[in-house]
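The structure appears below as C-alpha cells.
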Amino acid sequence: MRWSGDVGIITGRYVSQDDSTVIQLWARARNGESILMRIHGIEPWVEITPLGRWDPSKSVEIDSLLEKEEIIRIEGPETKLTDLGEKPVWRIFVSQPFVVPRLRQDLGMKWTVLSGDIPFVNRFFLDGDLAMHVSIDGEIGVGDEPVDSIVDLTMDDVQHCEPFPVPFTVFSFDLETSIAHDTILCGAAVIEDMGSGERTRHTFTGPEDVILRELTDLVRACDADIITGYNIDNFDLPRITDRANLIAGRNKSARMSLMGWGRVALKESEGKRNRDSLYPKRGTARAWNLAGRCVMDTWWQARQVLRPQRETLKFVSRLLFPDDEDMQKMDVDASKMDEEWATRPDVVLEYCLRDAELPLDIMKKIQAFRRKEAVAAVAKVSLDTSANGSTSQLIDSLVIRHADRVGIAVPLTGSADRKEGQITGGYVHDVEAGLHPWIAILDFKSMYPSIMIGKNICFTTRIDPGSTEQPDEEEEIHESPTGAKFRNQSVRKGMVPHLLEGLMAQRDEHKAGLKNAKDDALKSFHDQMQYAVKILMNSFYGVFASGFYRFTHRDLGSSITAWARHNIKTIINKLDQEGHKVVYSDTDSIFVKTPVEGVKDPKEAMIEFGHSTAERFSEDSAELEFEKGLSVFFSHGAKKRYVGQVVWPSEEMLVRGYETQRTDSFQFLTDGMKEMFRHVLSDDSETAVQLAIEMIAEAKAGKVPIRKLIMSKSCKGKFDKTRNVWDFSKDYANPDSMVQVRAARKLIEKGLPFTPGMKIGFIVTNARNRPMEIEPWLEEDPVSDYDGQYYADRLATALGRLTEAFDWTGKELLSGNRQTSLFSF
DNA sequence: TTGTTCGCCTAA
DNA sequence: TGAGTTAGGCGAACAA
C-alpha cells in the first residue's frame with residue numbers, strides 16, 4: 001500500500017538500525033492525517049582536509065584511516081574552497097552519526113575537519129534542497145509510533161511542495177498546583193484542530209497520578225503536533241516531570257504512563273535519549289523538546305510579538321481581548337490556591353480550563369503558528385527549528401546547502417579566530433534640541449544587505465594574505481574603509497550576496513502576490529512570507545558579525561559597518577556643504593531640513609525635496625529613499641529620542657525612544673507624555689507646561705489611580721536545585737540593590753510562581769529609604785498606597801526634559817513656578 | 001552632591 | 001533561555 005500527498009514537517013530525529021541510519025520526520029498532511037516519514041539511504045559523513053595551507057608537492061596518506069572501525073569508506077578528494085584557498089577534501093563515511101563527535105576530536109589533531117557538526121536530520125533538508133512543506137510518495141510501513149500512517153521513503157520519493165497552511169493539531173494545557181505541597185491539584189486541556197477550527201475541552205481531577213496519566217493519554221490520543229500553554233517552559237512542564245519522576249520512582253512503566261508525551265511507542269528504550277525522547281526534556285537547550293511534537297510557549301511568543309508592558313496571562317489577554325467579559329470574572333487568588341481548591345474546587349477548575357484555552361486564542365490572534373511556518377518555509381527548516389531554533393540555524397540552513405552545491409568547504413562552528421573586542425557599529429549624529437519644522441526623513445533601503453551585495457562581502461570573497469588564492473592585478477577588488485579587501489563579484493560571487501539577492505527577489509514576488517491577491521487567505525500568506533524573508537535578510541548581518549559563527553571573520557562585520565558609516569557621513573557632509581541642515585541621523589537614516597523660505601506650500605515643497613534629494617544621493621548598492629515627511633520634529637537633545645508629526649505618506653505621530661515607548665515606564669507617565677507631545681509639536685508650550693505641572697501635583701497629592709503607576713522590569717535568576725532556593729547572584733553583581741529582584745523575592749515569599757526572564761510589576765511605596773521600598777503588583781490583592789513624592793519626581797524629570805526646551809526645568813515644574821524668569825530677559 | 005557602575009530597554 | 005550586532009539613554013544604588 002502506498003501513501004502520497006503533501007505534508008508539513010514538524011520535527012525529526014534519527015535512529016540507528018544495525019548498519020544503517022534512518023531519519024524520522026513527523027508531519028501533518030494537507031488532508032489532516034499525521035504521518036511519520038522514515039527516510040532511508042542517507043549516509044552520515046564528515047569531510048577532512050590537511051591542516052594549514054595546501055602544498056601540492058606534499059603527498060597525503062589517507063588510507064590508514066580505514067583501519068578505524070567507525071569509518072566505512074572514503075571518497076575524494078574533491079577540490080573545495082576554504083579560507084586558505086582551494087584544498088583537496090576527502091569525504092569520510094561513518095557507521096552512525098553519533099560516532100562523529102569522537103571522530104572529530106581524533107581527526108582534529110592531523111586534519112581540518114569540515115561539515116562535522118551538522119545535525120544529521122539536517123541532511124534531509126540540505127541534500128534534497130527541501131523545506132518544511134514537501135510532497136511524498138512512498139510505501140506504507142509498519143511501526144509502533146502513534147500516528148495515522150508511517151511511510152517509508154528514499155530521497156527520490158520526496159519533492160519540494162509550495163507552502164500551504166498545515167492543519168496542525170494544537171494541545172494547550174494548564175495545571176493548578178498546591179503551594180503547600182507542590183502537588184498537582186487539577187489540570188485542563190483544550191485541543192484545537194487548525195484545519196476545521198474545532199476545539200475540544202477536557203478537565204482533570206482526582207489523585208495526582210490519575211491526572212498525569214489522563215493528560216498523557218490525551219496528548220497521545222489526540223495526536224498533537226504542537227504543545228502550548230502559558231509559561232509551560234518554566235512552570236507546567238518542569239512540574240510534570242518533577243511530579244512524574246517522584247511518583248514513578250524507579251518504576252519505568254509508571255513513568256511512561258505518567259509523562260510519555262513523545263510521539264513514539266511506550267517503550268523503555270524510547271525514554272533513554274537526551275533529545276527527541278518519549279519524555280519532555282530541556283537539558284541545556286533553551287526550549288523543551290520531545291519526540292515528534294513541537295513545544296511552543298505562548299508566553300514567549302506573546303512577549304516577542306507584542307512586547308507587552310506586563311507579561312501575565314491576564315495582562316496579555318486583556319491587551320488582546322479588551323471586550324471579553326470572561327476575563328473580568330472568576331478571580332481565583334493564586335497565592336491562596338490550597339484554600340481556594342478546598343473551598344470552591346469547581347471555580348478553580350473552571351479557571352484552570354479558561355487558562356488552558358486562552359493561549360490558543362492568543363496564539364491565533366498573533367498568528368504565531370503561521371508566522372513560524374512562513375519562516376520555516378523561507379529558511380527551509382522544520383517547524384520546530386523555526387519555532388525554537390537559533391538565528392544561526394536558519395542562516396546555516398541556507399548557507400550550507402549553497403556551499404555544498406558550489407564546492408565550498410563548511411568549517412566547524414568555533415574553528416575561526418574568535419573576534420576580539422567589539423566592532424564599531426552605526427553612526428549616530430548629534431541632535432540639536434528643540435523644534436525643527438519641515439523635516440524630510442531619508443533612509444537607505446535594506447542598508448546592510450545592500451552593502452553586502454554591493455561590496456560582495458562574504459567569508460568566501462575576503463582576500464586573506466595567508467591564502468593561496470590572490471586576485472590578479474587587473475581585478476577590481478573592493479577595499480573597505482578598514483582596509484579589508486574583497487574579491488570582485490565577476491570573478492567570484494560570494495555566497496552571502498548570492499543568497500541575499502535571491503531573498504530580495506523572493507520578497508518582491510511576495511509583495512507583488514500580496515498586491516494581486518484576490519482573497520484574504522492568500523493576502524495573509526504573501527504577507528507572512530514577505531515578512532519572513534525580511535526578517536531573515538536582516539539576520540544575515542548579525543550572524544556574520546558575531547564572534548562564533550562558522551563562516552565568520554571579524555573583517556566581515558567591521559567592513560559592513562565601516563562602509564555604512566562612510567556612505568552616510570559622505571551624504572551628510574554634502575548636504576551640509578549645500579547648506580541643507582541635517583538635524584539628526586542614525587545608522588541608515590538622515591533627517592534633513594526642507595528649505596521653505598518664500599514657499600507657498602511647505603508640505604508640497606518637502607515632498608518634492610525629499611524625493612529629489614533621495615534620488616540625487618542614491619547609488620546602485622546604496623539606494624536612498626524618501627521615507628517620511630514631518631511637518632515638525634522635536635528632540636530634547638538626546639540621541640535615539642525624538643518625536644515628529646508625520647504628514648507624508650500618512651498622518652501620524654512618530655515617537656522613538658521616549659518613555660511612551662518603554663515597557664518599564666508607568667501608564668500615567670506615558671499617557672501624559674503622549675498628550676504633551678501633541679502640545680509640544682503644535683508649539684503650544686504653555687499648555688504643555690500646564691499639563692506637566694498638573695500631573696505632578698496630582699501624583700504628589702496621591703490622586704492618581706494606583707493602576708496607572710505600576711512599573712515593571714524583567715528579572716533574571718536561576719533555581720538552585722541543591723539548596724532549593726532561587727539564586728540571583730549569578731545574574732546580578734548586587735542582587736538586592738535591584739528593584740526587580742526585591743519584587744521577585746516578595747512574590748516567591750508568598751508562594752507565587754516566579755519565572756526567570758519574566759517582567760515583574762511593582763509599585764514604589766517609599767523612596768525615602770535606600771534602597772527604595774516597593775511592593776509587587778498582584779491583580780488579586782492590589783497594593784493600596786504609593787509614594788506620591790517619588791512619582792512626582794519621576795514625572796518632573798521625564799516631563800522636564802521636554803519642557804526644558806521652553807525654559808522650564810524639572811525643578812520648576814515640581815514647584816509649579818519659574819524662579820529663573822527673572823533672568824530670562 | 002557627584003561620579004561611577006550595573007542593568008534594562010530601546011533604535012537601528 | 002549556549003549564542004545575530006553595536007550605539008545610546010537613563011534610573012537606581014552606592015562610594016566618596
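Protein chains get the first letters and strands the later ones, always in sequence-line order, with residue 1 at the start of each.
When side chains are defined from C-beta on, A:Tyr541 counts as touching A:Thr561, because their heavy atoms get closer than 4.5 Å. Under the 4.5 Å side-chain criterion, counting only non-hydrogen atoms from C-beta, A:Gln304 is not in contact with A:Arg371. Using a 4.5 Å heavy-atom cutoff, the side chains of A:Lys372 and A:Gln301 are in contact. Put simply, the side chain of A:Leu802 does not reach to within 4.5 Å of the side chain of A:Val643, judged on heavy atoms.
Using a 4.0 Å heavy-atom cutoff across all strands shown, A:Gly426 reaches sugar-phosphate atoms only and no base atom. Within 4.0 Å of A:Ile395, counting heavy atoms only, lies no atom of the nucleic acid at all. Residue contacts shown for A:Lys718 are absent, as no nucleic acid heavy atom lies under 4.0 Å away. If you check every strand for non-hydrogen atoms under 4.0 Å, A:Ser589 touches nothing. Here A:Gly657 lies in heavy-atom contact (under 4.0 Å) with sugar-phosphate atoms only. Nucleic acid contact for A:Ser539: none, since no nucleic acid atom lies under 4.0 Å from a heavy atom of the residue. Note on A:Trp299: a base of the nucleic acid sits closer than 4.0 angstrom, heavy atoms only. A:Arg303 comes within 4.0 angstrom of nothing in the nucleic acid, heavy atoms only. Using a 4.0 Å heavy-atom cutoff across all strands shown, A:Thr424 reaches sugar-phosphate atoms only and no base atom.
Atom pair A:Asp731:CG and B:dC8:C1' shows a separation of 13 Å (rounding to whole Å applied). For the pair A:Tyr584 OH and C:dA7 P, the computed distance is 13 Å after rounding to whole Å. Atom CZ of A:Arg554 and atom C1' of C:dT6 are 17 Å apart (whole Å). For A:Arg656 and B:dT10, the CZ to C1' distance is 10 Å, given to the nearest whole Å. Atom CZ of A:Arg307 is separated from atom C1' of B:dC9 by 8 Å (rounded to the nearest Å). One can place CZ of A:Arg565 at 11 Å from P of C:dG8, the figure rounded to the nearest angstrom. Protein atom CZ of A:Arg662 is 7 Å distant from nucleotide atom C1' of C:dG9, rounded to whole Å. If you measure from atom CZ of A:Phe551 to atom C1' of C:dT5, you get 20 Å, rounded to the nearest angstrom.
Residue A:Arg641 places no side-chain N or O under 4.0 Å from the OP1 or OP2 atom of C:dG8. Close to B:dC8, at under 4.0 Å from its OP1 or OP2, lies a side-chain N or O of A:Tyr732. Within the structure, a side-chain polar atom (N or O) of A:Gln740 is placed less than 4.0 Å from OP1 or OP2 of B:dC8. Proximity of A:Gln422 to the phosphate of C:dT6: a side-chain N or O atom is located under 4.0 Å from OP1 or OP2. In this model, the phosphate group of C:dA7 is not approached by any side-chain N or O of A:Thr587 to a distance below 4.0 Å at OP1 or OP2. For A:Ser392 and C:dG4, the shortest distance from a side-chain N or O to OP1 or OP2 is below 4.0 Å. Dashed line: the shortest gap from a side-chain N or O of A:His636 to OP1 or OP2 of C:dC10 is under 4.0 Å. Taking side-chain N and O atoms only, A:Tyr642 has a distance below 4.0 Å to OP1 or OP2 of B:dA12. Distances shown here put every side-chain N or O of A:Lys639 at or beyond 4.0 Å from the OP1 or OP2 atom of C:dG9. For the pair A:Thr391 and C:dG4, the criterion of a side-chain N or O lying under 4.0 Å from OP1 or OP2 is met. Contact annotation: A:Thr663 side-chain N/O to B:dC8 OP1/OP2 distance is not under 4.0 Å.
Under the 30°/60° scheme for interplanar angles, the aromatic rings of A:Trp563 and A:Phe486 are found to be tilted. Ring pair A:Tyr549/A:Phe544 is perpendicular by interplanar angle, where above 60° counts as perpendicular and below 30° as parallel.
Within a 6.0 Å radius of CG in A:Asn769, more than 12 heavy atoms belonging to other residues, nucleotides or ligands are found.
With respect to A:Lys759 and A:Glu311, no salt bridge is recorded, no charged nitrogen being found less than 4.0 Å from a carboxylate O. A:Asp233 has no carboxylate O lying under 4.0 Å from a charged side-chain N of A:Arg282, or vice versa, which leaves the two without a salt bridge.
Residues A:Phe719 and A:Trp726 place their aromatic rings such that the two centres sit under 6.0 Å apart. A:Phe591 has its ring centre no less than 6.0 Å from the ring centre of A:His429.
When the options A:His636, A:His436, A:Arg656 are evaluated for a side-chain contact (heavy atoms from CB on, under 4.5 Å) with A:Tyr642, the one that passes is A:Arg656. With respect to A:Leu394, the side-chain contact (heavy atoms from CB on, under 4.5 Å) criterion is satisfied by exactly one of A:Leu536, A:Val543, A:Val378: A:Leu536.
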### Message
Pair A:Arg550, A:Ile400 - check side-chain contact (heavy atoms from CB on, under 4.5 Å), show working.
### Response
CA-CA 10 Å; A:Arg550 63 173 82 241; A:Ile400 293 174; 3.8 Å; yes
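Between C:dA7, B:dA12, B:dC8, one nucleotide has an atom nearer to the side chain of A:Val428 than all others, and that is C:dA7. Minimum atom distance to the side chain of A:Ala733 is reached by B:dC6, of the listed C:dT5, B:dC6, B:dA12. Residue A:Val543 places its side chain closer to C:dG4 than to any other of B:dA12, B:dC8, C:dG4.
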Pairs under 3.5 Å (N/O, protein and nucleotides 2-5 of chain B):
none

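Rounded to a whole angstrom, the distance from the P atom of C:dG4 to that of B:dA12 is 22 Å. B:dC8 and C:dG2: their P atoms are spaced 15 Å apart (whole Å).
Toward the 5' end of DNA chain C, the nearer of the two residues A:Gly542 and A:Pro756, judged by each one's closest nucleotide, is A:Pro756. Nearest-nucleotide positions on DNA chain B for A:Lys759 and A:Phe591 put A:Lys759 closer to the 5' end. Between A:Asn538 and A:Asp297, the residue anchored closer to the 5' end of DNA chain C is A:Asp297, taking for each the nucleotide with the nearest heavy atom.
Between its two ends, the helix from B:dT1-C:dA16 to B:dA12-C:dT5 turns its axis by 10°, counting five pairs per end and rounding to 10 degrees.
Residues A:Thr670 and A:Ser665 have side chains that never bring a donor and an acceptor to within less than 3.5 angstrom of each other.
Stacking between A:Phe548 and C:dA3 is shown: the ring centroid lies under 5.5 Å from the centre of the six-membered base ring, and the planes differ by under 30°.
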### Summary
Per-nt protein contacts along nucleotides 11-16 of chain C (heavy atom under 4.0 Å; B base, S backbone sugar-phosphate only, - none) come out as SSSS--
